[in-house]
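Keep in mind that this is a model prediction, so the values were computed, not measured.
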Number of protein chains: 2
Amino acid sequence: MARERKFTTDELFEATKQLLLHQGYEGFTFGLLADNLKVSRGAIYKYYENKEELITNFIFYEMDQFLLKLKKINQHQGFEAQFHFLLNLIFSYSDIQKLIKIGQQLPGYQDKFKTLHSDMYQYLQGFIELGKKEGKLKRHLPNNLILGYIFQSVAIPNHSGIPHSEWASSIKEIICHGMFTD
Amino acid sequence: MARERKFTTDELFEATKQLLLHQGYEGFTFGLLADNLKVSRGAIYKYYENKEELITNFIFYEMDQFLLKLKKINQHQGFEAQFHFLLNLIFSYSDIQKLIKIGQQLPGYQDKFKTLHSDMYQYLQGFIELGKKEGKLKRHLPNNLILGYIFQSVAIPNHSGIPHSEWASSIKEIICHGMFTD
DNA sequence: CCCTAAAGTGACGGATGTGTTACTTTGGAT
DNA sequence: ATCCAAAGTAACACATCCGTCACTTTAGGG
């Protein structure tokens with residue numbers, strides 16, 4: 001009963017993601033996006049009223065995906081297992097941090113993103129507390145610093161082309177035991 | 001022999017810095033900048049041909065300032081002293097990482113920034129090697145990961161308002177000895 | 001086969017940013 | 001007092017992006 005679509009929502013979101021990561025919020029335009037999808041600009045307006053609505057929808061979608069997987073952390077028994085699950089998850093969603101920061105730029109949504117972000121941190125407080133209770137994590141370190149530290153670690157640029165597995169395991173080691181020998 | 005200026009280069013650079021950090025490269029405009037300086041847009045064109053030239057000049061200036069201080073690292077004896085000097089320096093220049101990333105967006109200057117960046121890393125190789133030679137740093141960790149890690153650590157957002165001194169010393173501890181107890 | 005409704009197009013008017021230029025202001029030198 | 005050159009202004013022409021709207025295309029149901 002209708003004409004065939006020239007792009008799917010998945011393709012739209014993927015193109016949006018790439019553009020956002022490479023151009024940032026201000027550099028993102030429907031023109032570029034339409035070019036990417038080989039479609040006219042007007043076609044996108046059939047689905048989203050404006051750039052803000054599209055980006056908001058997209059980033060909330062990405063965060064939902066991430067939170068969904070994050071909540072599986074409780075399926076793992078013991079702090080150590082949860083810790084490795086979390087690190088692997090963050091590595092596989094290494095772009096999410098950047099996207100959240102872009103989301104915070106959205107006019108009128110700063111609050112929503114702030115609460116979403118702090119909800120996430122809140123949700124992980126239990127994980128941190130478990131680590132401290134099990135005597136694995138140093139008690140005197142602020143919880144939010146520990147979490148921020150873990151999330152930030154994936155953003156370190158790997159210019160020198162070190163293989164991913166070596167890179168990841170090195171980071172894990174520094175997070176756990178530091179870069180000093182003693 | 002000339003009229004009094006309404007803004008100094010320092011004021012211009014400071015306003016540029018704030019705008020760049022808050023709006024990003026694409027969101028930065030001469031209009032906003034002129035408003036900030038309470039001056040007409042045209043006045044800025046008396047000194048810089050366009051936005052790209054201004055931003056390029058500004059970021060190179062900032063990096064030069066940073067590199068100048070960085071080179072004082074050799075005035076400190078021993079790895080440990082150099083390590084704390086570097087960390088304190090990075091904390092006091094916590095914006096420079098963001099600015100460098102913006103610089104990498106400058107069309108036609110990616111290469112220049114890449115080499116500048118890798119020069120900086122190159123310059124610090126000696127420092128890392130010293131740490132390894134003194135037996136302080138773990139030998140098997142890639143040098144560039146260690147450096148990237150140190151530089152990245154100041155970017156962790158301190159939302160919960162923990163005092164700077166506690167924040168900084170906690171970060172130092174994690175970098176050195178990790179967040180695990182053993 | 002024809003009609004319909006969803007999908008897509010292209011051109012519009014408005015807003016904003018850019019770089020230029022002719023103009024005015026101003027302070028020191030003669 | 002006058003002149004000049006640097007400093008600043010304001011308006012212009014140009015480009016880009018935005019959101020809209022009247023239009024065309026196309027697949028499926030009757």
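Atom CG in B/D35 sits roughly 15 Å away from atom C1' in D/dG8 (whole-Å rounding). The distance between atom CD of A/Q23 and atom P of D/dC17, rounded to the nearest whole Å, is 10 Å. We find that CD of B/E4 is positioned 13 Å from P of D/dT9, with the value rounded to whole Å. Atom P of nucleotide D/dC17 and atom CG of A/L19 are separated by 12 Å, given to the nearest angstrom. Here the C1' atom of nucleotide C/dT18 and the OH atom of B/Y48 are 18 Å apart, to the nearest Å. Protein atom NZ of A/K46 is 13 Å distant from nucleotide atom C1' of D/dG19, rounded to whole Å. In this entry the distance linking NZ of B/K51 with P of C/dT16 reads 16 Å, nearest Å. Going from atom CD1 of B/I44 over to atom C1' of C/dG17 covers 13 Å, rounded to whole Å.
Closest to the B/R5 side chain, of the nucleotides D/dT26, D/dC18, D/dG8, is D/dG8. Comparing D/dG19, D/dT26, C/dT20 against the side chain of B/R41 picks out C/dT20 as the nearest. Residue B/V39 has its side chain nearest to D/dT9 when only D/dA7, D/dC18, D/dT9 are considered. In the set D/dT9, C/dG8, C/dT18, the nucleotide with an atom closest to the side chain of A/S40 is C/dG8.
Mapping B/E49 and A/F7 onto DNA chain C by nearest heavy atom places A/F7 at the nucleotide closer to the 5' end.
Scanning atom types as modelled, no donor and acceptor separated by under 3.5 angstrom connect the side chain of B/K6 and the base of D/dG8.
Ring centroid separation for the pair B/Y121 and A/H159 does not come in under the 6.0 Å cut-off.
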Dump the intermediate steps for side-chain contact (heavy atoms from CB on, under 4.5 Å) on A/K72 and A/L89, then the final yes or no. CA-CA 10 Å; A/K72 292 187 179 164; A/L89 181 62; over 6 Å; no

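Neither OP1 nor OP2 of C/dT9 sits under 4.0 Å from any side-chain N or O of A/Y45.
Across all strands shown, B/Y47 has heavy atoms under 4.0 Å from sugar-phosphate atoms exclusively, and none from any base.
For the pair A/K71 and A/Y123, the cation-pi criterion (under 6.0 Å, within 45° of the ring axis) is fulfilled.
The only member of A/K132, A/K133, A/K136 that meets side chain to side chain contact (heavy atoms under 4.5 Å, CB included) when paired with A/F79 is A/K136.
Between the side chains of B/Y47 and B/N57, no donor N or O sits under 3.5 Å from an acceptor N or O.
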